Number of protein chains: 2
Amino acid sequence: MAYRKTPAEIGRLEAAREHLVTCATSVVTEVGWAQASVTAVADSAGIAAGSVYQHFASKTALAVEVFRRAAGREVDVLGEVLQGPGSPVERIGHGVEVFARRALENRGLAYALLAAPAEPAVGAERLDFRRRYRALFARAVHEGIEDGLLPAQNGEITAAALTGAIGEVLVDPLDTRDEEAAEELLVELVAMALRCAGAPPAAGQP
Amino acid sequence: MAYRKTPAEIGRLEAAREHLVTCATSVVTEVGWAQASVTAVADSAGIAAGSVYQHFASKTALAVEVFRRAAGREVDVLGEVLQGPGSPVERIGHGVEVFARRALENRGLAYALLAAPAEPAVGAERLDFRRRYRALFARAVHEGIEDGLLPAQNGEITAAALTGAIGEVLVDPLDTRDEEAAEELLVELVAMALRCAGAPPAAGQP
DNA sequence: GTCTATACCTAGATAGAC
DNA sequence: GTCTATCTAGGTATAGAC
């Protein structure tokens with residue numbers, strides 16, 4: 001009986017935990033939080049329900065971990081776009097497009113992150129998630145105002161509007177049956193976002 | 001034993017049912033759907049838990065009734081504003097203001113209608129509720145386009161954006177501590193909405 | 001460490017007395 | 001018709017064998 005775990009042991013445990021998180025994410029993506037029971041998740045990962053508690057103290061802890069992983073990825077991607085190169089207005093338009101495109105490509109996950117019924121702990125994470133999104137947009141809006149590209153406005157409200165608007169459009173799918181309709185939706189969304197921020201309807205928007 | 005209930009009997013039953021719906025609405029407003037157990041609602045109405053089932057076949061049926069009543073009132077109010085007198089642009093601005101003001105005045109109910117975690121049946125009602133809101137806004141936007149007051153755009157997306165934006169702003173309260181801040185929020189919301197619809201930032205908006 | 005079996009709790013729904 | 005008491009189902013978490 002060793003005093004410490006060997007690197008190999010630690011590695012296997014880590015891998016098992018990762019696998020569990022991955023499978024749980026899939027289950028949530030497919031059936032939502034409410035239907036993602038410990039049994040269902042364990043089945044998906046190929047282990048017994050009881051074994052889940054070797055890796056997480058509670059179902060809630062697992063759910064929070066799943067949410068944080070997925071939400072963190074989205075925030076990172078949006079952050080890179082919104083704080084990257086280009087004018088503030090260009091970045092806002094691009095950010096909206098990236099946000100929406102990723103959500104359309106994985107709508108189950110987007111719904112889970114944005115709106116699906118969930119336990120309180122996950123709801124709290126979601127609030128934080130949306131705040132981070134808003135903060136990113138708000139910063140870009142403020143830069144646009146400083147640069148004289150956008151009219152004076154409450155940037156926090158505009159940022160909240162952008163996240164709310166995109167979420168609303170994505171969660172209750174309008175019509176995205178084919179590829180073409182989806183692309184059209186993206187174009188309209190970006191145009192709406194730029195109007196919302198007060199960008200003059202000039203070049204780049206037909 | 002009468003073959004039919006007397007009018008008085010029917011009246012008393014109706015009244016009891018109404019009372020139950022009213023109390024349930026209060027409970028939901030205060031603690032949300034998740035915490036509004038049959039027991040809690042029955043206590044609030046001053047009856048035993050079992051008696052609830054004299055009026056509703058299930059907890060779900062009661063919840064749906066509560067949602068429909070409250071949501072219906074909001075849709076009616078918004079509909080009157082959006083289909084009332086004034087130019088389409090004026091009506092949109094006024095509609096947003098009314099929507100937001102009512103939500104701010106009864107934030108618990110607004111949260112319950114727009115975002116609070118709820119069982120699937122209530123979620124379905126909520127979807128329908130948002131669709132009706134969107135349809136009302138979309139119609140006004142289309143009228144604005146026809147009248148040459150608004151630029152060409154996908155009215156459905158703009159309408160979705162307006163409901164999503166207002167919901168987002170109201171649900172995660174920015175800063176509405178005092179009366180003044182709340183009024184300022186309303187002004188900014190309306191300005192954002194008009195920008196979003198593409199109304200020229202002319203008279204009426206400082 | 002992982003399994004099986006089970007304890008336990010919450011909450012919706014029902015039965016029968018009054 | 002309304003009450004009290006109870007039944008039941010679903011799901012989290014734990015105990016103990018292997």
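For clarity, every value in this text was computed on a predicted model and none was experimentally measured. We use all heavy atoms of the structure for the numbers below, so side chains are in, but hydrogens, waters and symmetry mates are not. Residue numbering restarts at 1 for every chain, and letters A, B, ... go by the order of the sequence lines.
- Rounding to whole angstrom units, CZ of residue A:F56 and P of D:dT14 are separated by 16 Å.
- Separating the CD atom of A:E14 from the P atom of C:dG1 is a distance of 12 Å, rounded to the nearest angstrom.
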Open item on the list: Is there a side chain to side chain contact (heavy atoms under 4.5 Å, CB included) between B:V52 and B:I47? Walk through the geometry before answering.
Closed with: CA-CA 8 Å; B:V52 168; B:I47 62 176; 4.2 Å; yes

Task: Candidate pair B:L189 and B:M192, rule side chain to side chain contact (heavy atoms under 4.5 Å, CB included), full reasoning - done: CA-CA 5 Å; B:L189 260 181; B:M192 182 279 295; 3.8 Å; yes

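- Counting to the nearest Å, the C1' atom of D:dT6 and the OH atom of B:Y53 are 14 Å from each other.
- A:K59 has its NZ atom 12 Å from the C1' atom of D:dA13, to the nearest Å.
- Ion pairing between A:R69 and A:E18 holds under the 4.0 Å rule for side-chain N and carboxylate O.
- Rounded to a whole Å, the CH2 atom of B:W33 is 17 Å from the P atom of C:dA11.
- The existence of a salt bridge linking A:R101 and A:E183 is confirmed by a sub-4.0 Å separation between a basic side-chain nitrogen and an acidic carboxylate oxygen.
- B:E180 places no side-chain N or O within 3.5 Å of a backbone atom of B:D178 that could act as its donor or acceptor partner.
- By the 4.0 Å N-to-carboxylate-O rule, A:E143 lies close enough to A:R91 to be salt-bridged with it.
- When side chains are defined from C-beta on, A:V28 does not count as touching A:F67, because their heavy atoms never get closer than 4.5 Å.
- Within 6.0 Å of the CZ atom in A:R139, the count of heavy atoms belonging to other residues, nucleotides or ligands does not exceed 12.
- Atom CG in B:D43 sits roughly 10 Å away from atom P in D:dT4 (whole-Å rounding).
- If you take CG of A:L20 and P of C:dG1, they are 16 Å apart, rounded to a whole angstrom.
- The aromatic rings of A:F99 and A:Y133 sit tilted relative to each other, their planes meeting at an angle between 30° and 60°.
- Here the P atom of nucleotide D:dG1 and the NE2 atom of B:H19 are 18 Å apart, to the nearest Å.
- Between its opening and closing five pairs, the helix from C:dG1-D:dC18 to C:dC18-D:dG1 changes axis direction by 20°, a value rounded to 10 degrees.
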Distances under 3.5 Å between protein N/O atoms and the N/O atoms of nucleotides 2-6 of chain C, please, pair by pair.
from  : atom 1 : to    : atom 2 : distance (Å)
C:dC3 : OP2    : A:A48 : N      : 2.8
C:dC3 : OP2    : A:S51 : OG     : 2.5

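- Contacts of B:T39 with the nucleic acid, taken as non-hydrogen atoms under 4.0 Å apart, are absent.
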